[in-house]
Amino acid sequence: MTEPLAPQYNPAAIESGLYRWWMERGLFAPAARGTPYVVMMPPPNVTAVLHMGHGLNNTIQDVLVRFERMRGKAALWLPGTDHAGIATQNVVERLLAKEGTTRFDIGREAFVEQVWGHVRETGATILEQLKAIGCSADWSRTYFTLDEDLSRAVREVFVRLYDKGLVYRGHYIINWCPRCLTALSNEEAEKEETDGKLWHFRYPLADGSGHVTVATTRPETMLGDTAVAVHPADERYRALVGRQIRLPVVDRLIPIVADDAVDPAFGTGAVKVTPAHDPTDFEIGKRHRLASMDVMTPEARMSLAAPERFQGLDRFEARKRVVAEFEDAGLLEKVEPHRHAVGHCYRCDTVVEPRLSEQWFVKMAPLAEPALAAYREGRLRFVPDRRGEEYAQWMENIRDWCISRQLWWGHRIPVWYCEYDHCARVVASRTDVTRCPGCGGPMRQDEDVLDTWFSSWLVPFSSLGWPDQTEDLRRFYPGDTLVTAPEILFFWVARMVMSGCEFMGEVPFETVYLTGTVRDSQHRKMSKSLGNGIDPLDVVRLFGADALRYTLVAGSAVGTDVILDPGDIETSFAPGRNFANKLWNAGRFILSNLEGPTRPLAGRARDVVRREELSLADRWILARCEAAVVEVTEALERFRLNEAAAAAYRFIWSDLADWYIEQIKPRLYGDQPGGDVARAVAAQTFDVGLRLLHPVMPFITEALWKRLPGRHPDASISTSPWPATDRRADDAEALRQFGLVQELVSAVRQIRAEYGVAPGQGVRATVGNLGPDARRTFEAELGTISRLAKVSSLAFGESGERVGGHAVLSDGTSVFVPLGDAIDVGRECNRLGAEVERLLGLIGAQEKKLGNAQFTSRAPAAVVEREREKLASWREQHEVLARKRALLGCV
RNA sequence: GGGCGAAUAGCUCAGCUGGUUCAGAGCGCCUGCCUUACACGCAGGAAGUCGGGGGUUCGAAUCCCUCUUCGCCCACCA
C-alpha cells in the first residue's frame with residue numbers, strides 16, 4: 001500500500017517535488033473564505049538573497065503564514081511588485097565592480113539591457129531560494145518588474161503630495177556620493193566612527209593685528225570658507241565680531257560673525273564657515289547672508305572655484321596640500337587625533353561629501369503625525385516592544401526626506417519643465433506632458449529618478465492595485481503583520497505606516513515583528529563584502545530545507561540575533577537534520593504499524609475507543625499531546641517561534657518517540673491485547689505532532705502526514721486544521737502516575753549504568769514505601785518497567801537483601817536493585833551520600849524559609865502550601881535514603 | 001555625544017508575572033550499547049558561586065543602582 005520508506009530521511013528526494021505539488025493544487029493561493037491574515041513581505045534584496053538573513057526573514061514569515069492558514073485564515077504573503085529598484089541598484093553595483101568600469105563607460109541602452117538581464121537572472125535565483133526553503137508565498141504575482149501599475153501608484157502619490165505642498169525642491173546640503181554621483185538620504189549615508197585628525201589653523205586678521213585659530217577635520221573645505229563664526233556670548237572673541245579675516249591660501253577677505261550654532265567649548269570656540277560643504281555652515285550662511293562657494297566637482301575634485309593650483313585635485317590630495325601650505329606659512333598651530341563619525345555610502349562605502357545641491361524633498365512632519373498617533377493609540381505595535389520606542393523617537397525627530405537620485409534607473413520624477421525661459425512653468429503630472437499648459441512650448445522631464453524607497457513605501461497598497469479600488473485592496477488592506485529585519489525600520493517600515501495613513505486612511509498592518517539579524521561567530525552581520533555569509537541553498541543541499549528552517553526558528557528568540565558560524569555549519573544545522581531524521585523514523589515506525597484506518601478516539605462511531613480502554617500510557621500521551629498543543633499555539637500567537645519549535649520537538653522526541661512508542665511496542669506486536677487502541681492513539685498523537693510542527697518543518701511533516709491512513713491523495717497538511725485543544729485530555733492523574741513509572745525506569749537504568757550491569761542482563765527490583773495508588777500503577781505497568789529497565793522481576797515491600805543499588809523517587813518510593821557481590825558498597829555509599837547531601841541542603845533551606853514568620857505570613861497561602869509539600873517530600877526522600885545508607889553500613 | 005540591548009555549562013543560546021515544575025536545551029565531552037523506527041540513534045554521566053559590587057524583598061538568574069566588557073541604533077560640535 002505505502003511504498004517502503006528509506007531508513008534515513010532524504011531531503012533531496014522528499015523536498016523536491018513537494019513544493020510543486022503544493023503549487024499545482026493552489027495550496028498557497030489565498031483561501032476563498034476566512035478572515036484575511038496578511039503578512040507583508042519585504043522586497044528581496046538581491047545582494048542579500050544568497051545570505052542567511054533573507055532565509056531567516058522568509059522562513060519566519062512562512063512559519064506564521066502556515067500557522068494562520070491552518071487556523072482558517074486566508075493568510076497570504078503580500079509580495080511587493082517593486083523589487084526592481086533595490087534589486088537593480090545592487091545588480092548595477094555588482095556589474096560595475098565585475099566589469100571594473102564606471103557608469104560612464106557604458107551607453108545607457110546597453111547598460112539598461114545588461115542590468116535587466118541580470119535582474120531577471122537573479123530574480124530567478126530568488127524564486128529558487130524561496131522554493132528551496134519551502135516558502136509558501138503566492139509567487140504568481142509580478143516579480144521583478146517595474147510594472148505599470150506601480151509607476152502609476154508612484155506618480156499618483158508624487159502628484160498628490162506635490163499638490164498638497166508636501167513635495168518641494170530646494171537647495172540644501174545633502175549627502176553626496178562622489179562615486180555613485182548621486183544624492184543619498186540620511187538613512188543611506190551610514191555613519192562610521194573613524195579616526196581622523198583635527199587641524200588647528202591660524203586665520204590672520206585682515207589688519208594684521210593677530211589671528212583667530214579655527215579647528216577643522218576637513219582642511220580642503222577651507223578653500224570655500226566665506227566666514228569665521230564664534231558664539232555671540234563668547235567673551236574671548238566678542239571684540240572681533242564684525243572684523244575681517246584674510247583667508248590664507250586663497251587670500252580672500254571674509255568676515256567674523258556671531259552665531260548660536262557655535263559651541264564655544266569645542267576646539268578653539270571659533271569655527272570656519274563653509275556654507276557649500278557643511279550643513280551647519282549652510283544654516284549659518286543663510287542667517288548671515290554669506291556666499292556659498294562650492295569648491296568641488298561632483299566627483300569630489302577641486303573645482304574652478306578653488307585656486308588654480310588646486311583645481312582638479314582629489315579632495316584628499318587637496319587636503320594634504322592645504323595642510324602643507326598652512327605649515328609652510330607657519331599657520332598650522334597643531335594637529336590632534338580626533339575620532340568622529342564620517343558618513344559612508346551604504347552601497348559603495350565611499351566617504352560621503354556634504355554638498356550643496358538642488359534636490360526634491362518630502363516634508364515629513366505632517367505625514368509623521370498620524371503615524372506616530374497610530375503607535376501611541378495602540379493601533380500599531382511592535383514585537384519586541386522596545387522597537388516601538390525607537391520608531392516613536394525617529395518619528396518625533398523626523399527630517400525631510402530627500403527623494404531625488406541622480407541614478408540611471410528607477411522611477412523618473414514626474415515633473416516637467418517648460419523649455420521656454422520666459423514661461424519656465426513646472427508641472428507635476430500623472431501622465432507624460434509634452435506641451436506646456438501655460439505657453440504651449442516644449443516640456444522637458446526632470447532628469448532625476450526617485451529614491452527606491454519612494455516606490456517601496458507604497459507596497460502595502462500599490463501591490464493590491466491602488467489607486468484603483470480593487471477587490472484585493474478591499475480584502476487585504478490593511479494587513480495584520482509585517483515581518484522584517486530591524487535595519488529597515490526607518491527606511492521602509494516607518495514610511496509604509498506614513499503612506500498608509502496618508503493615502504489609505506489607516507495603518508497598513510497592526511503588528512510589526514522585527515526579526516533578529518544573522519551574524520557570524522564574531523557577531524558581525526553576515527555580508528557579502530566580509531565574506532562571512534552562509535548560502536542557504538548550500539545548507540538546503542547538505543541538510544535539507546527543514547533542517548535549515550528548524551535551526552533558524554529555534555535560534556530566533558524575540559529580540560535577539562541569530563549567531564551562526566560560517567566555518568562550522570555542521571554544528572549549526574545538524575540538530576535540525578537529526579530531528580528531521582528522528583521524526584522520519586518515528587513516522588516510519590508508526591506508519592508501518594498502521595494497516596488501514598484506525599479506530600476513532602472521539603465521536604459517535606460504533607467502534608469509538610472508550611475511555612476505559614485507554615491504558616495509563618495512552619492517557620499520558622494524550623495529556624502530553626494536549627499540553628503540547630497549548631504550548632505551541634500560545635507560543636506562535638506570541639511570536640515566540642523558538643518556543644513553539646522547542647515544544648513540538650520535546651513532544652515528538654522526548655514524549656512520543658522515547659516513551660510512548662517504546663511503551664506500546666508489545667501491544668503493536670500482538671504480545672499484549674489492545675493493539676488497536678495503541679494504534680489509534682499513536683496515529684492521533686502523531687498526526688497532531690506533525691501539524692504542530694508543520695509551520696516550522698513543512699516538507700517532512702507533509703510527506704509523513706500524506707501517508708497516514710485515510711488521507712485523500714490530494715489532501716495537504718498545510719490546509720488541514722490546526723489542532724484544537726481538547727479539555728478531556730487534561731489528565732493530571734495520568735501525568736503523575738506515568739511520571740512515576742518513568743522515574744522508576746530511570747532509577748533502575750541509572751543503577752544499572754553505575755554498576756556496569758550488562759545491557760542484556762535482567763535485574764530484580766524491589767519497591768517499597770509506596771504511595772496510595774503506586775502499587776496498582778507499577779503492577780499495571782509491569783511490562784513497561786521490565787522492558788524499558790530490563791527488570792526481570794519486581795517485588796513490593798522491603799527486600800531482605802541489602803547489597804545493591806538504592807534510589808528514591810520523588811513521592812518517596814524506595815527502589816532497591818540487589819546486585820550481590822557485583823557492587824562495591826563504598827561506592828554505593830558515596831553515590832547515596834551525594835544524594836543525601838543534596839536533599840539535606842534543600843531541606844535546610846526549606847526549613848529556614850518555612851520557619852521564617854515573615855515568609856509564612858507574607859507570601860500567598862498557595863505558595864506556602866506548595867513549599868510545605870516540597871519540604872515533606874524531600875524529608876521523606878531523605879529518610880528513605882538515610883535508612884538505606886544505615887542498612888548498607890555506610891559511615 | 002545621546003538612546004538601547006546583551007553578559008547563564010567548553011560552544012550557541014532559552015529561562016516571560018521574583019518562589020527548587022528554575023538553574024534548562026542543543027552541540028561538544030566521558031562511559032556503555034549496531035536492543036527487529038532511527039548510530040543523523042539508545043541508555044547513563046561530568047560540567048555553571050547565572051559578568052563584578054551594592055540594594056529592594058520573607059525570598060533575586062529574574063526588580064533597582066553601579067562598575068566592567070561586548071554589540072546595536074541615532075546624532076550637523078567643526
Side-chain angles (χ1 to χ4, degrees), chain A residues 5 7-9 173 186 191 198 214-218 221 229 261-263 265-268 270-274 278-283 338 340-341 354 384 386-387 389-390 393-394 397 486-487 489-490 517 519 521 523-525 543 547 554-555 557-565 568 570-572 574-575 577-593 638 640 642-643 646 649-650 657-658 661-662 665 669 746 749-754 756-760 787-790 842 845-846 848-849 852-860 863-864 866-867 870 874:
Chain A
L5 302 176
Q8 260 196 11
Y9 173 61
I173 297 282
N186 291 316
K191 299 287 180 158
L198 192 59
V214 298
T216 181
T217 54
R218 294 187 297 148
T221 63
V262 180
D263 175 3
F266 186 87
T268 60
V271 59
K272 58 190 268 320
V273 181
T274 321
D278 183 277
T280 313
D281 293 5
F282 178 72
E283 295 299 322
H338 182 63
H340 62 137
R386 65 187 153 84
R387 296 288 182 181
E389 286 308 310
E390 279 177 33
Q393 213 180 328
W394 188 77
N397 303 307
E487 56 260 35
L489 179 59
F490 306 128
T517 305
R519 298 176 187 282
S521 34
H523 296 229
R524 298 176 305 184
K525 200 192 295 192
F543 302 99
V558 172
T560 64
D561 290 337
V562 179
I563 311 289
L564 298 171
D565 183 354
D568 186 10
E570 168 80 18
T571 297
S572 302
R577 176 203 57 190
N578 294 354
F579 181 42
N581 192 51
K582 184 72 183 180
L583 182 60
W584 178 254
N585 276 293
R588 221 157 59 88
F589 178 79
I590 289 172
L591 289 169
S592 71
N593 282 287
R638 299 169 62 202
R640 292 176 173 268
N642 60 321
E643 288 174 23
Y649 179 100
R650 263 197 311 273
D658 285 350
I661 287 182
E662 291 308 323
K665 277 179 178 173
Y669 296 158
S746 293
R749 281 173 174 172
Q750 200 177 335
I751 290 165
R752 295 177 58 102
E754 181 75 17
V757 177
R787 248 169 359 89
L788 299 187
K790 290 267 165 26
L842 291 176
Q846 199 71 354
K848 199 169 147 204
K849 181 188 276 188
N852 187 334
Q854 299 279 19
F855 171 66
T856 46
S857 59
R858 291 196 198 186
V863 170
V864 175
R866 207 162 57 226
E867 298 304 308
K870 279 181 203 157
W874 292 331

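Chain letters run A, B, ... following the sequence lines, proteins first and then strands; every chain starts at 1. Keep in mind that this is a model prediction, so the values were computed, not measured.
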Checklist line | Set of salt bridge (Lys or Arg N to Asp or Glu O under 4.0 Å) partners for A:Arg588, sequence neighbours left out | finding: none
Checklist line | Any residue meeting salt bridge (Lys or Arg N to Asp or Glu O under 4.0 Å) with A:Arg749, in chain and number order, not counting sequence neighbours | finding: none
Margin query: Can you tell whether the side chains of A:Glu389 and A:Arg386 come within less than 4.0 Å, N to carboxylate O?
Written below: no
Next item on the list: Round to a whole Å and report the spacing from CZ of A:Phe855 to C1' of B:U20.
Entry: 12 Å
Next item on the list: Answer with base, sugar-phosphate or nothing: what part of the nucleic acid does A:Arg650 contact at a heavy-atom distance below 4.0 Å?
Entry: nothing
Margin query: Taking the nucleotide of RNA chain B with the nearest heavy atom to each, does A:Phe579 or A:Ala557 sit closer to the 5' end?
Written below: A:Ala557
Margin query: A:Ala657: which residues meet the side chain to side chain contact (heavy atoms under 4.5 Å, CB included) condition with it, sequence neighbours left out?
Written below: A:Lys582
Next item on the list: With P as the reference atom in both, quote the distance from B:G10 to B:G1 in angstrom, rounded to an integer.
Entry: 35 Å
Next item on the list: For A:Trp874, enumerate each residue passing the ring pair (Phe, Tyr, Trp, His ring centres under 6.0 Å) test, keeping only those at least two apart in sequence or located in another chain.
Entry: none
Margin query: In whole Å, measure the gap between the P atoms of B:C76 and B:U68 for me.
Written below: 28 Å
Next item on the list: Report the nucleotide, chosen from B:A78, B:G26, B:C40, that has the shortest atom-to-atom distance to any side-chain atom of A:Tyr649.
Entry: B:G26
Next item on the list: If a protein heavy atom is under 4.0 Å from the base, mark B; if only from the sugar-phosphate, S; if neither, -; do that for nucleotides 2-8 of chain B going 5' to 3'.
Entry: -SSS---
Notebook entry, point to check: Starting at CG of A:Asp561 and ending at P of B:G71, how long is that distance when rounded to a whole Å?
Noted result: 13 Å
Notebook entry, point to check: NA contact type, A:Trp874, heavy-atom cut-off 4.0 Å: base, sugar-phosphate, or nothing?
Noted result: sugar-phosphate
Please write out each protein N/O paired with an N/O of nucleotides 31-38 of chain B under 3.5 Å, distance rounded to 0.1 Å.
from: B:A37; atom 1: OP1; to: A:Lys665; atom 2: NZ; distance (Å): 3.3
from: B:A37; atom 1: OP2; to: A:Tyr669; atom 2: OH; distance (Å): 3.1
from: B:A37; atom 1: O3'; to: A:Arg588; atom 2: NH2; distance (Å): 3.4
from: B:A37; atom 1: O2'; to: A:Asn585; atom 2: OD1; distance (Å): 2.6
from: B:A37; atom 1: O2'; to: A:Arg588; atom 2: NH2; distance (Å): 2.6
from: B:A37; atom 1: N7; to: A:Lys665; atom 2: NZ; distance (Å): 3.4
from: B:A37; atom 1: N6; to: A:Ala657; atom 2: O; distance (Å): 3.2
from: B:A37; atom 1: N6; to: A:Glu662; atom 2: OE2; distance (Å): 2.9
from: B:A37; atom 1: N3; to: A:Asn585; atom 2: O; distance (Å): 3.1
from: B:A37; atom 1: N3; to: A:Ala586; atom 2: N; distance (Å): 3.3
from: B:C38; atom 1: O4'; to: A:Asn585; atom 2: OD1; distance (Å): 3.0
from: B:C38; atom 1: O4'; to: A:Asn585; atom 2: ND2; distance (Å): 3.3
from: B:C38; atom 1: O2'; to: A:Asn581; atom 2: ND2; distance (Å): 3.1
from: B:C38; atom 1: O2'; to: A:Asn585; atom 2: ND2; distance (Å): 3.4
from: B:C38; atom 1: O2; to: A:Lys582; atom 2: NZ; distance (Å): 3.1
from: B:C38; atom 1: N3; to: A:Lys582; atom 2: NZ; distance (Å): 2.8

Next item on the list: Please report, rounded to the nearest Å, how far the P atom of B:U12 is from the CG atom of A:Asp568.
Entry: 12 Å
Checklist line | Set of residues satisfying salt bridge (Lys or Arg N to Asp or Glu O under 4.0 Å) with respect to A:Glu390, sequence neighbours excluded | finding: A:Arg387
Checklist line | A:Glu662: partners by side chain to side chain contact (heavy atoms under 4.5 Å, CB included), with sequence neighbours left out | finding: A:Lys665, A:Leu788
Next item on the list: Could you check whether A:Glu643 gets within reach of a base, just the sugar-phosphate, or nothing at all, counting any heavy atom under 4.0 Å?
Entry: base
Item checked: P spacing across the pair B:U57 / B:U62, given as an integer number of angstrom -> 16 Å
Next item on the list: Between B:A60 and B:G54, how far apart are the P atoms? Round to whole Å, please.
Entry: 13 Å
Check: Taking for each residue the nucleotide of RNA chain B bearing the nearest heavy atom, is the 5' side occupied by A:Thr571 or by A:Ala753?
Finding: A:Thr571
Margin query: When the P atoms of B:U20 and B:C27 are compared, how many Å lie between them, rounded to an integer?
Written below: 27 Å
Note to self: Please confirm whether the shortest side-chain N or O distance from A:Lys870 to OP1 or OP2 of B:U21 is below 4.0 Å.
What the structure shows: yes
Note to self: Assess the residue pair A:Arg218 and A:Asp278 against the criterion (salt bridge (Lys or Arg N to Asp or Glu O under 4.0 Å)); give the C-alpha distance rounded to whole Å, side-chain angles, the decisive distance to 0.1 Å, and a yes or no.
What the structure shows: CA-CA 10 Å; A:Arg218 294 187 297 148; A:Asp278 183 277; 3.8 Å; yes
Item checked: Length of the CZ-P vector between A:Arg519 and B:G71, whole Å -> 10 Å
Item checked: Closest to the A:Asp263 side chain, choosing from B:C77, B:A78, B:G19 -> B:C77
Check: What would the secondary structure line of RNA chain B be in dot-bracket form, counting Watson-Crick and G-U wobble pairs under 3.5 Å, with [ ] for pairs that cross earlier ones and | for pairs with another strand?
Finding: (((((((..((((.....[....)))).(((((.......))))).....(((((..]....))))))))))))....
Margin query: Just the rounded figure in Å: distance from C1' of B:U17 to CZ of A:Arg640.
Written below: 12 Å
Note to self: Going by side chain to side chain contact (heavy atoms under 4.5 Å, CB included), name the residues that satisfy it together with A:Ala547, two or more places apart in sequence or in a different chain.
What the structure shows: A:Phe543, A:Arg577
Check: Residues two or more places apart in sequence or in another chain: which of them pass side chain to side chain contact (heavy atoms under 4.5 Å, CB included) with A:Glu283?
Finding: A:Lys286, A:Arg287
Checklist line | Length of the line joining A:Tyr9:OH and B:A39:C1', which is rounded to integer Å | finding: 20 Å
Note to self: Could you tell me how far B:C13 sits from B:A75 if I compare only their C1' atoms? Round to whole Å.
What the structure shows: 33 Å
Margin query: Whole angstroms only, please: what is the CG-P distance between A:Asn397 and B:C74?
Written below: 13 Å
Notebook entry, point to check: Angle class for the A:Phe589/A:Tyr669 ring planes (parallel below 30°, perpendicular above 60°, tilted otherwise)?
Noted result: perpendicular
Note to self: Between B:G48 and B:A9, how far apart are the two C1' atoms, rounded to whole Å?
What the structure shows: 5 Å
Next item on the list: Report the residues that fulfil side-chain hydrogen bond (donor to acceptor under 3.5 Å, both in side chains) with A:Arg640, sequence neighbours left out, ordered by chain and then residue number.
Entry: A:Glu643
Next item on the list: Please name the pair of heavy atoms, one in A:Thr221 and one in A:Thr274, separated by the smallest distance, quoted to 0.1 Å.
Entry: O-CG2, 3.2 Å
Check: How far, in whole Å, is B:G41 from B:C4 if one measures between their P atoms?
Finding: 45 Å
Notebook entry, point to check: Rounded to the Å, how far apart are A:Leu842 CG and B:G19 C1'?
Noted result: 14 Å
